[in-house]
Structures are given as structure tokens and as C-alpha cells.
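Order of the sequence lines sets the chain letters (A, B, ...), proteins ahead of strands, with each chain counted from 1.
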Amino acid sequence: MHFMKKLALTAATALMVSGAAQAADKLRIGTEGAYPPFNTLTKDGTLVGFDIDIANALCAEMKVECEFVVQDWDGMIPALMANKFDAVIASMSITEERLKKIDFSEKYYNTPPALAVPKDSDMKDASAASLKGKLVGAQSSTTHSEYAEKKLEGIELKLYPTPDEFKLDIEAGRLDAVIEDVTVLGEWLKSDKGSCCKMLTLLTPDPVINGKGAGVAVRKGETELANKFSAAIKALRANGKYKEINNKYFDFDVYGGE
Amino acid sequence: MSEAYVAQEMIAARPRPNEVRKADWTFARLLGSLSILFWIAAGIGLIVFLITSYDQSQIDKYAPRYFDGFLTTMKLVALSVSIGAVLSLPIAFGRMSSNKIVRNLSFGYIYFFRGTPLLAQLFLFYYGFGSFRHFWQDLNLWWFFRDAWSIALLSFSLNTAAYQAEILRGAIMNVPKGQHEGAASLGLPPMVTFFKIILPQALIVALRPYGNEIILMIKGSAVVSIVTIFDLMGHTRRAFSQTLDYQTYLYAAIFYLLVVEIMRRLWDLLEHRLTRHLRR
Amino acid sequence: MELLSLLSYGSEGWGDEILASIGVTISLALATLPFGLLLGFLLALGINSRESSLQISAKIFTTIFRGLPELLTLFIVYYGAQILGNFLFQTVFGTTIEINSFVAGMVALGFVFSAYASEVFLSAFKGISQGQYEGSAALGLSRFQTMRLVIIPQLIKLALPGLSNLWLILLKETSLVSVIGLADVVRITGVAARVEKEPFLFFSLACLIYLALTFLSSAGLEKIEKNARRGEVRS
């Protein structure tokens with residue numbers, strides 16, 4: 001019985017401690033950790049990627065201490081609204097739909113969506129004729145899944161919790177295509193695990209669905225924090241820090257047009 | 001003759017004891033009233049919440065999807081419970097077989113499917129088996145293992161078959177030995193004995209556990225939403241991710257509760273009807 | 001050999017992560033148990049109570065939590081408790097509270113467990129004859145004493161088989177918490193499966209781990225049951 005008591009106690013204190021941890025003056029940043037090359041967890045549990053480097057640089061620029069909180073993508077916005085962290089730096093696109101619930105800084109990068117298909121695919125392009133009846137995989141709760149639902153006609157959409165699962169399924173030959181950010185797909189296709197597949201085509205972003213690129217998400221009404229992030233992004237662009245991080249991961253500028 | 005045992009005097013009647021008056025507000029009554037108040041408040045809160053956040057455009061968009069998801073759930077449960085029922089027969093027999101190998105095999109089957117979570121089984125079947133594409137292609141079975149729906153149906157059927165086999169075995173063992181002996185003395189062949197005498201009596205005993213198993217499957221089937229199938233839970237999660245509105249889950253909860261309650265009541269009626277010859 | 005190295009300890013293999021995840025699974029189940037048992041017992045008392053309001057309340061509770069899919073209960077508690085908790089804490093203490101996935105899992109699984117456990121306790125109550133209560137009353141024991149000294153010791157013995165079954169179900173249902181982000185066995189093996197592209201290996205391993213856990217539990221439970229029955233005459 002002692003053991004059980006202890007367990008119940010630890011559970012109870014865990015609740016207390018996390019309640020008290022709010023008082024500390026750290027900025028908590030939510031990220032997914034399953035979205036290479038932007039944010040991913042190494043096997044020993046450290047976060048790496050473009051988002052992580054940018055977040056660290058932003059915090060240094062804003063002179064605040066930051067800590068990362070890993071959260072599944074599905075629950076990212078609810079968790080932000082529930083105050084589990086103060087900001088999200090996880091390649092979250094600034095869309096009309098999301099702006100109803102949360103606020104964003106200015107974008108810190110913007111890349112278009114794309115379709116990848118198995119190498120032996122008979123699909124030629126993203127036209128309705130070639131997409132008809134095809135099984136297309138996407139990560140749920142993303143702009144890409146919205147895009148697939150609204151713009152890719154005649155497909156059967158399959159939703160996965162992380163890109164890893166649809167990669168597994170297209171490698172296994174279960175899907176006819178996947179829709180995802182072009183840099184994420186590119187990174188995967190370059191690796192030997194992505195050898196099954198090829199890039200089919202870039203998709204023209206829809207301003208309503210895909211929004212204005214990825215920004216730092218904050219709770220509704222925290223304009224001050226959002227503005228701070230926007231200013232810091234601008235500063236990083238100006239002082240060359242952004243370019244340094246960018247070049248570590250990509251051979252082109254992911255920021256996109258001004 | 002001793003007179004010590006006989007009362008010598010009449011014992012006068014005593015007045016009846018004072019009525020024990022219970023306090024008007026016992027602890028239990030207080031607690032009961034408070035908890036009833038809580039449920040009433042929760043119910044009103046739920047209704048108020050659903051009415052105030054009512055949005056016709058959302059209802060128009062998601063109601064058909066929920067209904068579609070509901071049909072998918074029911075189809076999945078109905079099919080897998082029926083397939084499982086058929087599969088459970090040989091497994092239950094194997095479990096009661098006198099052949100040691102057959103007995104151990106069916107015991108292993110039942111132990112595996114009852115000893116591991118449905119979610120882990122589903123992942124093993126969907127992602128695990130899905131990784132052997134060439135093997136299935138050689139067997140010309142890839143069309144089956146490629147499809148999420150057929151994999152879900154397969155793993156649910158195998159899972160419920162294990163549980164149903166145990167239900168069936170328990171029920172068959174419950175039939176008195178005299179029934180077998182009586183059938184044997186009438187010279188009935190084993191097949192006739194089983195299907196006409198043993199099974200009907202066993203099924204009466206198994207009726208309640210079967211009902212529970214169906215309800216468990218309705219609830220358990222919600223995990224298929226994780227392997228890309230849009231059942232009721234799948235549509236609910238999708239609706240939540242698109243609207244970030246908590247009521248999506250509440251509607252799903254109401255839906256599931258209704259289905260399970262209706263199912264339970266129907267099963268009670270069925271049981272009442274099928275056991276009417278046993279009542280006096 | 002290559003497959004074995006994936007399961008090794010250290011930074012190369014997943015052995016240590018998976019071992020830690022087994023700890024998470026077991027501690028979640030163990031933390032849920034006392035809470036679920038207590039609540040289940042109280043619910044059974046409520047349903048057995050002469051107070052009809054208490055009966056109805058307890059029945060509403062069990063109907064809800066036996067009717068909802070566990071996965072849905074988990075989501076409702078995880079998101080709902082967060083909204084409610086934040087609201088209450090904001091108004092009372094002016095701060096917020098974090099309901100993490102462990103606590104949410106514990107509460108959701110505990111509710112479901114207690115709803116089923118109340119049934120087990122109820123049928124166990126039926127197995128205790130009225131004479132036990134009358135005898136206790138004749139000895140002048142208070143209601144609480146009767147419960148503690150006479151009824152509960154017998155009740156435990158009667159309820160043990162049913163409760164053992166519920167424990168095994170609970171152990172398996174902890175796997176659902178992987179969906180809301182707790183690093184339990186299913187989640188960690190799932191991550192390993194995706195990273196290493198070896199789904200069959202890792203999900204078989206997950207199943208084996210659960211089999212081992214259920215095997216150990218049933219062996220332990222059998223011992224406890226035997227111990228509880230030690231006063232009975234062997235037939």
C-alpha cells in the first residue's frame with residue numbers, strides 16, 4: 001500500500017508543481033518535435049531543427065529565457081489556449097481560421113505545399129483527372145489537410161497524427177500521394193527512407209487556406225508578445241543571424257517574398 | 001413434573017417502543033440531494049452551452065459527417081462481431097479439445113488477443129503487417145492489407161473472436177452433463193446433439209455476456225480513428241481540429257451514450273423474450 | 001543482429017526508452033487503481049443506499065462512464081478538465097493550472113474503472129447475507145464498525161475475481177493515453193517504429209510487453225486470491 005500511496009502522492013504533487021511552475025518568469029514555447037527539418041526530437045530527447053534554432057535566436061534577441069514544451073500537433077492550439085505554454089514555434093501557418101482563436105507574429109518563413117508520389121506512380125500532375133479516386137495522405141489539423149479537402153477534387157483523404165505515419169504508409173505503398181510542405185517532403189525524399197518516392201509538383205498556395213506563412217503563435221490578445229516576436233524576427237533578418245540558420249538547413253531562402 | 005419451565009404469572013403487555021424518528025437531513029440525504037443538484041446543474045450547463053454555441057453553418061457541415069461516421073462505426077461493429085462469432089466456434093472447440101496441441105494453440109490465441117490492448121493489436125496489424133508489401137503481393141493479398149478498413153475489420157474480428165470464444169466456452173461448460181448423456185442415449189449424432197441441444201441452451205446463458213461484448217466493441221471501435229478511418233470518433237476529432245470547439249466532443253459523447261443505452265435496452269428486451277420459457 | 005541492436009540500451013538502441021515507458025504504463029495503472037477502487041466502492045454504497053437521490057446520482061455516473069468510449073472520455077477529460085480547471089483557478093487563485101496527460105489519464109481511466117468496479121462491489125454486497133448485518137447490530141457495532149470489521153473483509157474476498165479482471169482491463173486501457181501524448185509503451189514503441197521504419201518489430205514488442213504484464217499480474221492476483229480464500233475449507 002505504501003507504494004501506491006507514494007504514487008498517488010507523486011501524481012498529486014505533479015499537479016501542484018506544474019501549477020506552481022507558472023510563476024517562474026520563463027517563456028514557454030510549444031513545439032511538435034515530429035516535423036523534420038523544422039523541429040524534431042533526436043533519440044536522446046533533444047529538440048533540433050530550423051524552428052528550434054530560430055526560437056533560440058529569437059529568445060536571445062528578446063533577452064528572455066525560454067524553455068520548450070513538446071506537444072502533439074493535434075492539441076497544439078488547444079494547449080496554447082489552455083496556457084500550457086506561451087507561444088508556439090512549430091511551423092504554424094498564419095491563417096484566417098486560426099486567427100479567430102489565436103494571434104500571430106509576422107511570418108518567419110513561407111514555403112509552398114507540394115505533392116509527392118511513389119516513383120512508379122502514373123500521376124502526371126495535380127489536375128482533377130489525374131487525382132481522381134487517389135488516396136492522399138496528410139497530417140491532420142494542418143493547412144495541407146484543409147488544402148487537400150477543399151482544393152484537390154475527387155481524392156480520398158487520409159489523415160495522420162504526424163507526417164511520420166503517412167511517410168510509413170506511402171513507403172509501404174498504401175497511399176497514392178502525400179501533401180505536405182515542400183521543404184519537409186524534400187528533406188524526406190533526400191534521405192534513403194524517402195527513396196520510394198519522388199516530388200510530383202508544387203501546389204499553388206491558396207491565400208485563405210495556406211495563409212501568410214509560418215508565424216509565432218500566441219494567445220488571443222497578447223499583442224505585445226506577438227509584436228516583440230515580430231520585431232525580433234525583423235532584427236534576425238537584418239543582422240544575418242537568420243541567414244546563418246537558414247543556410248544550416250537549406251540551400252535557398254525559406255523566408256519567401258517580403 | 002417440574003413447574004420451573006412454566007411461567008407462573010402473566011407478563012403484562014408492554015407499550016410498543018417509541019417510533020425511531022429519523023433525522024430529516026441525514027448525511028446520506030444531504031449528499032444525495034447535493035449530487036442530484038450537481039447533475040441537474042451539469043445537465044442545464046450542457047444544454048445552455050450547446051444552445052449558446054449553436055451555429056447553423058457548423059451543424060450543416062458536420063451533422064452529415066457525424067451521421068456518416070456513426071454508420072461506419074455501426075458497420076464495423078456489426079461486421080466484426082458477426083465474423084468474430086463464426087471464428088469463435090472453432091476456437092472455443094479447440095480450447096475444449098482433447099488434443100493437447102490444438103488446445104494449447106487456441107489457448108495461446110485467446111491469451112494473446114485478451115492480454116494485449118486493442119490499440120497495440122491494431123498498430124501491429126496496420127503498420128506491422130503493412131510493411132511486408134512484397135510478401136502479400138506474392139500471395140496476391142496486398143489489396144486486402146493495403147486497405148485500412150479491411151485491416152481494421154480483420155483485427156477487430158480476431159479480437160472479438162477471442163473474447164466470444166471464452167464466452168461460448170463458459171456457456172457450453174455450463175450445460176449439464178445429463179444433456180449430453182440424454183442425447184447420446186437417444187442415439188443422436190454429435191452434430192445434431194451440439195446444434196439442436198447443447199448450443200441453444202448455451203446461447204441462453206451466453207446472451208448477457210454477448211450483449212456486453214457488443215457494447216464493448218461499440219466503445220472500443222473508437223480507436224480505429226487513429227488509423228485514418230473516419231468513424232464517429234474520427235469525424236469528431238477532425239471536426240475538433242477544424243473548429244477547436246469543445247462541443248464537437250460533447251455531441252459525440254451524446255451520440256455514443258444514446259447508441260449504447262439503446263443497445264442495452266434492446267438487448268434486455270431480446271433477453272426477456274428469449275428466456276420467457278424459463279420464467280414462472 | 002541488426003534488429004537486436006535497435007533494442008539495446010543507450011543512445012544506439014531503444015531499450016532504455018522502452019523500459020522507461022513500461023514504468024509509465026505501470027505507474028499510471030497503479031495510480032488509477034486506489035482512486036478507482038475508492039470511487040467504485042462509494043458508488044456501490046450509493047446505489048445500495050436507501051436514499052433514492054443518492055441511488056439516482058450514482059446510477060447516472062455509472063451509466064455515463066460505462067457508455068462512453070474510453071478514448072472519448074479521455075479527450076473530454078483532457079480538454080474539458082483543462083478549460084474547467086483554468087476557469088476555477090483563475091477565479092479563485094488568479095493563476096492557471098496544468099492538467100497534464102498523466103493526471104487526465106488517471107482521472108478518465110479512474111472514472112471508467114470505478115463505474116465498472118461499482119458493479120463488482122454491488123454483486124459482492126449481494127453475496128453477504130442479511131444475517132451479517134443483523135449479527136453486527138446485535139453486537140452493538142456502529143454502522144461504520146460493521147462496514148469495517150464485518151462487511152469489507154468478506155466483500156473483498158467476494159469482489160476479488162471481478163476486480164482482478166478489471167485490473168487487467170485497466171492495464172490494457174492505459175494504452176489509450178498514448179493518444180494524448182503520455183510516453184507509455186504504445187507511444188514509445190510507435191515513435192521507435194516510425195523512426196526506425198520497423199513497425200512489425202516494435203509493435204510486436206509492445207504486444208509482448210503487455211502480455212508479460214498481464215501474465216505477471218494474473219500470477220500475482222492468483223496469489224492474492226488464494227490468500228484471501230485461506231480461511232475457506234478446501235473442497
Side-chain angles (χ1 to χ4, degrees), chain A residues 72-82 88 92 95-102 118 120 133-150 155-176 178 193 196 209 217 219-220, chain B residues 53 55 57-58 61-62 64-65 68-69 72 119 122-152 223-231 233-250:
Chain A
D72 279 357
W73 183 255
D74 252 340
M76 192 67 84
I77 296 177
L80 173 68
M81 299 194 326
V88 176
M92 189 178 279
T95 65
E96 296 292 321
E97 204 57 39
R98 285 177 183 151
L99 279 168
K100 288 181 194 161
K101 300 274 177 186
I102 52 178
D120 54 3
K134 293 285 194 269
L135 290 172
V136 178
Q139 185 180 11
S140 69
S141 323
T142 58
T143 52
H144 309 299
S145 64
E146 286 297 298
Y147 192 96
E149 189 178 320
K150 300 212 171 91
I155 61 156
E156 192 183 324
L157 180 60
K158 298 250 156 196
L159 293 182
Y160 295 82
T162 71
D164 283 333
E165 274 110 359
F166 66 62
K167 287 177 196 164
L168 214 53
D169 259 5
I170 196 170
E171 284 156 26
R174 276 209 178 111
L175 293 171
D176 298 312
V178 293
K193 281 154 189 162
C196 62
I209 297 170
R219 273 182 293 281
K220 194 98 199 133
Chain B
S53 47
D55 181 344
S57 63
Q58 302 282 41
K61 181 170 177 191
Y62 291 110
R65 292 190 182 185
D68 180 63
T72 307
L119 184 62
L122 192 63
F123 280 154
L124 179 65
F125 279 67
Y126 185 73
Y127 289 114
F129 286 179
S131 60
F132 302 126
R133 179 183 182 181
H134 295 290
F135 176 73
W136 302 121
Q137 273 173 336
D138 289 345
L139 292 176
N140 266 333
L141 282 174
W142 177 236
W143 58 271
F144 184 85
F145 284 89
R146 183 176 193 244
D147 185 25
W149 167 259
S150 48
I151 292 278
V223 299
V224 288
S225 61
I226 302 170
V227 292
T228 76
I229 291 174
F230 289 116
D231 70 330
M233 190 70 194
H235 274 301
T236 306
R237 296 181 64 190
R238 190 176 177 188
F240 179 72
S241 78
Q242 285 175 338
T243 59
L244 295 176
D245 194 338
Y246 190 61
Q247 57 173 321
T248 50
Y249 282 125
L250 294 180

- Task: Side chain from CB out, backbone as N, CA, C, O: work out which of these in B/Ser225 comes under 4.5 Å of a heavy atom of chain A, or both, or neither.
- Result: neither
- For the pair A/Arg174 (side chain) and B/Phe145 (backbone), establish whether a donor and an acceptor sit closer than 3.5 Å, ignoring hydrogens and angles. yes
- Message: Is A/Glu165 in contact with chain B via its backbone, its side chain, both, or neither, using a 4.5 Å heavy-atom distance?
- Response: both
- Message: Under 4.5 Å from any heavy atom of chain B, what part of A/Leu157 do you find: side chain, backbone, both or neither?
- Response: both
- Task: Working to the nearest 0.5 Å, report the span between CG of A/Leu175 and OG1 of B/Thr228.
- Result: 8.0 Å
- Item | Closest approach of B/Trp142 to A/Ala172 (non-hydrogen atoms, all atoms of both residues) | CZ2-O, 3.0 Å
- Note on the structure: Checked A/Arg98, A/Lys101, A/Met81, A/Lys100 vs chain B; the most non-hydrogen pairs under 4.5 Å come from A/Lys101
- Message: If you compare all heavy atoms of A/Gly173 against all heavy atoms of B/Arg146, which two are closest, and at what distance to 0.1 Å?
- Response: O-NE, 2.8 Å
- Enter the distance from A/Met76:CE to B/Ser241:OG here, rounded to the nearest 0.5 Å. 13.5 Å
- Message: Counting only non-hydrogen atoms closer than 4.5 Å, does B/Phe240 touch chain A with its backbone (N, CA, C, O), its side chain (CB onward), both, or neither?
- Response: side chain
- Query: What distance do A/Leu159 atom CG and B/Arg237 atom CZ have between them, rounded to the nearest 0.5 Å?
  - Reply: 10.0 Å
- Other residues, nucleotides, ligands: >12 heavy atoms within 6.0 Å of A/Glu96 CD: no
- Item | chain B contact via A/Glu149 - side chain, backbone, both or neither, heavy atoms under 4.5 Å | side chain
- What distance do A/Ser141 atom OG and B/Leu244 atom CG have between them, rounded to the nearest 0.5 Å? 8.0 Å
